[in-house]
Structures are given as structure tokens and as C-alpha cells.
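Start at 1 and go down the list; that is how both ligands and their atoms are numbered.
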Amino acid sequence: MKTIPEVILNELTTYGQSHLLKFWDEINPAQQKDLVAEIAAIDWSIIGELISGKSSDTSNLVDVAAMQPPVAVRSDGEGVSWTIQDAIEAGEKALSAGEVAAVMVAGGQGTRLGFKHPKGMYPIGPISGRSLFQVFADRLRAINRRYEVEVPLYLMTSEATHAETLRYFSDHEYLGLSPSSVRIFKQGTMPAIDATTGRCLLSSKSSLALSPDGHGGTLAALENSGSLNDARLRGIKHLAYIQVDNPLAQLCDPALLGHHLLAKSEMTTQVVKKRYPLERVGNVVRVGDRVHIVEYSDLPESIAQQTGSDGELRFWAGNIAVHILDLHFLDRCLGQVTALPFHRALKAVEHLDAEGAQVKPDEPNAIKFERFIFDLLPRAENALVVEAKPELAFAPVKNATGSEVDTPELAKQAICKLHRQWLRGAGVKVDETTKIEINPRFALDPSEVATRTHDLMHIAEDRYFDCESPEKLSNLH
Ligand code: UTP
């Protein structure tokens, strides 16, 4: 390629971004082709609006004065007219009818964790060393077996994680899932913009400084990859959404699905009680009859500290990014351009300066744009909030070993603690110091543990319950 395609040139000129071609004559034809492809993939009218401030992320901003605690199904089942058992039955019916698909987002760059592969490959199994991807694949296999279905998995990656994730799945025989029911697709990217000039940054002479467009990119990526259509063809009605970095996420949990169904909700979100007022999680709140999530950074401290007459935090509900979304709701949102606004974040972004020298800024220099999936909540009719106990549902893997919170070590401890409890609930004596890990294909929940451990009396050593038969187990105590 010698000449610059005219359409590219015109577009960049219109939006004041022609500097992106400054090094055109210094790069080879293959690099020129790559650069053109990157530029062509960007919706410049959106970038133009974001830079000019015409399109802002204020459309979903919450009026703090109007904020109320959310109406929620509490973890003991309080708050609705039906019982947890009713919900489980409704959820199980939808699962058995093949109406549920799983969506897992795994496109993040995992910067804080500092793991050099996609986060989904992180070995989180406390004893087995199974990866996060494997943990969820095992859960889906157990669900498939129990409900005699094949729940499709829509797995979102990004430019940063796609190739390695694909290779990982194909090298490991799709982790035991049927390849025809797994779709792995990339989310979109957004260019980083110089915070002072509004110009897009180059990361090299032939590429832009791009980053994933946030987990809110899921909607467009599901549609553009044909996954929503696949779901429609399969007769799917509900999408169970999780993030890959929470090994306790109860993917396709029948109770959560059932609450969603019984409330006729279009989008349901699972929350946990915040541990302390300023915890760095999104706050799930109500404004009128709408559910919103307010970022911890946007919640005034005085409001975060408020308590009710029972001494509990007034704004108690923390987002754990586990949602149920109806397909018809997503179809409706696809037609609404403003459904998912872009949020701005000021970040330090490596780039080339005007002379082509690499710059590694210490201070934030650029604006990155991201969408958040939870911005769909206020759009949903009958949006529902369901509380889970954190020890059953939330152990995020965010930070590197040695940090105070959300580390792999803490997540592993949480897994062991939960599985020790499951065994104790089944009447097995378990020493407190033992590590216990239960593969969902051995038992998906405490009641299944009870049916599979009749002959087990006492566990005094670390034990991984793989997928062994109960006969084999009886020899283990
Ligand atoms: P986080 O916002 O915690 O980001 O993503 P991260 O990439 O895991 O970690 P940091 O912030 O770089 O340290 C929460 C979840 O959303 C997914 C991530 O893969 C993770 O499962 N995600 C995030 C995406 O799929 N795409 C994105 O653009 C952002």
C-alpha cells in the first residue's frame, strides 16, 4: 500500500486526527495495512462527539439527593412474596427448558494482578490449580448434567486476551465443554486521547494506543459477533452474566434466575452487603422506581456513612457484577444509542511524541473511554436486586499477592472456607487448618455434597474432591 485510502484521509481530516498518518512513509506496506485497518474499525463520529463534549457520560448520573436504598430480596428471602424455594424451582424450570445462556467477560487487561496471561488462565484452584476458566467450565458441565441441557457459553475477550484465550481453550479441548456451545469473541477497542490536545495517541508509528471499551462493550460485542443471534436461534431468553475474576460467582444460579423470573424483571443484579462505608465497590441504589449503580468515587462520604435505625449502613448494597439480563431487553437496548454512555478516565498512557520518540508518562496524560454494563440497569423494567452472602458468592481476584484485599490468596482461602462448611453441613468433621476444594462436577451445592459423602467421617488433610465416584470416596476417610 503506497497511497493512503482517500476515505481514511477524509475522515481523519474531518475529525482533526491526520497526525495519525505522520509516519506513513516510514512504515512498511504490511504496517500501513494494519494502521488503515485500525483506523477503519473506529467510529470516528463517536470519538468526535466525545472529544467535543457533545456526548458525555452524564446521562446516567444519579441525583444524590433523590437516592434511596434499593428494594431487594435479602439473603434470607425477605423482601418478596415468594420463597427462596419458589425461586429455585422457577430457575430450575428455565434451566431445564434450555432458556438460559452464560456470558462471561474476560477482556480486561488485569493490570493490578500483574499476571502475564489472560486472567481467566490464573490458577485459582487452591489444591487443583485449576484456572478460573476451568472452574467455570466445570460449573457449566455440572449444570448441563443436572438439567440435561447444554448451556451455551458466550465468552468475551479483547485484543489483549483473545488469541491466548482461544489457544487455551483449543489446547485443552474446550475444558470439557462442547465446542459448538462455546463462542469466544472480541470486544471493541477505543483510542486513548491526549488530555490536553484531544488528539488520539499513537503507541507506535503504525498503531494507535487502543484499549478495551469496558465491560459495557459486551452488548455491542455480543451482537456484532453473532452471539445474540445464536442465542435467539437456540430459544434463549435469559443471559446469566459474570466476570471471570470472581471464582465464587454462582454462574446460572437457579435461585437468582428464579427471583428474576418471578419479579418479571428485565435485569437483575446480585449484591452483597458492603463491609464498610467507603468500600471500593459500586453502590446499588434506587431513584424512583429505577435501579442505578453509583461508583464509590461518586458517593459523597457523608452519605456513604449514613446508617439506619438498625445501625446498618443505609446504602448497604455493593455491586458484584453478577447479573441476569433478558434477551428481549438487550434487543431493545441495542436500538438505543445512549443506553450505554462512555465514561472517561484519566490514565498514564505510553505513546509516541510528535517526533516519534517513545514517552512513558509518570502522570496521567490521556483520557480512556469505557462503557459499564450496569448502566443498563436504569433502563430495565422491574429491575431487581438480590442479596447474596459474600462468603457464598464473592471472592474477587484483582490485586497481586501481598496486597491487603482481593488477592488470589484470599480468594483461595474463601473457596476452602466455603467448601469446609459444605462438608461440615453434611456431617463430616473437618479440621480447620485443612484446605478443601470441591469441583462442581463432584457436587454443585451443599445438598449434593451431602448425598456424596455418606461414608466420610473426618478430614484431617488437604483434600480435592475431583469427580470421583462415591464408592471411591468411601476409601478416603
Ligand atoms: P476490572 O475493571 O476489574 O479490570 O474488570 P481488570 O482488567 O480485571 O483489572 P485491572 O483494572 O486492569 O487491574 C472486571 C471484569 O470485567 C472484565 C474483566 O476481564 C473482568 O472480568 N472486563 C473489564 C472486560 O471484559 N473488558 C473490559 O474492557 C474491562
Side-chain angles (χ1 to χ4, degrees), residues 57 102-122 124 131-133 135-136 153-166 168 183-192 209-222 224-225 227 239-249 251 269-270 279-282 293 295-297 318-323 325 340-350 364 366-376 393-408 410-411:
D57 53 6
V103 174
M104 179 154 66
V105 297
Q109 292 167 308
T111 340
R112 288 168 286 171
L113 183 62
F115 180 56
K116 60 180 189 303
H117 304 286
K119 222 193 239 185
M121 288 168 61
Y122 192 91
I124 199 64
S131 66
L132 282 156
F133 283 141
V135 165
F136 290 115
L153 171 63
Y154 303 124
L155 174 57
M156 187 173 85
T157 58
S158 63
E159 200 56 52
T161 62
H162 189 72
E164 220 180 332
T165 302
L166 262 190
Y168 181 75
R183 292 177 74 100
I184 303 176
F185 57 94
K186 258 192 262 183
Q187 68 181 106
T189 49
M190 286 293 278
L210 297 170
S211 50
D213 58 357
H215 42 65
T218 311
L219 178 58
L222 275 169
N224 297 339
S225 64
S227 304
L239 301 180
Y241 170 106
I242 60 159
Q243 298 184 337
V244 71
D245 57 4
N246 172 15
L248 289 190
L251 180 59
T269 191
Q270 198 173 41
E279 190 170 352
R280 294 163 77 99
V281 291
I293 293 190
E295 288 280 53
Y296 58 85
S297 46
N319 172 34
I320 59 168
V322 175
H323 313 296
L325 298 128
L340 286 165
F342 278 101
H343 296 253
R344 294 164 161 76
L346 196 59
K347 299 265 164 103
V349 174
E350 268 188 63
I367 298 171
K368 283 188 175 186
F369 299 101
E370 276 194 331
R371 286 173 154 154
F372 301 150
I373 191 76
F374 55 70
D375 277 331
L376 292 177
F394 192 45
V397 178
K398 299 282 184 195
N399 300 322
T401 302
S403 306
E404 266 177 37
V405 290
D406 301 345
T407 60
L410 292 172

Only distances under 3.5 Å count here; give the side-chain donor-acceptor pairs of residues 239-246 to other protein atoms, sequence neighbours excluded, each with its distance to 0.1 Å.
residue	atom	partner	partner atom	Å
D245	OD2	K119	NZ	2.9
D245	OD2	K398	NZ	2.8
N246	OD1	L248	N	3.1
N246	OD1	A395	N	2.9
N246	ND2	A393	O	2.9

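In this structure, I293 and G282 approach most closely via the heavy-atom pair CG2-CA, 3.8 Å.
When the side-chain contact (heavy atoms from CB on, under 4.5 Å) test is applied to V281, the partners found at least two apart in sequence or on another chain are K274, E279.
Each of V105, A106, G107, G108, Q109, G110, T111, R112, K119, M156, Q187, P212, G214, H215, Q243, V244, D245, K398 has a non-hydrogen atom positioned under 4.0 Å from some atom of ligand 1.
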Please step through side chain to side chain contact (heavy atoms under 4.5 Å, CB included) for the pair F115 and M121, ending with a clear verdict. CA-CA 9 Å; F115 180 56; M121 288 168 61; 4.1 Å; yes
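For CD of E370, the number of neighbouring non-hydrogen atoms (other residues, nucleotides, ligands) closer than 6.0 Å is greater than 12.
Contacts classified as side chain to side chain donor-acceptor pair (under 3.5 Å) and involving residues 106-117 (residues at least two apart or in different chains) are given here: H117-E164.
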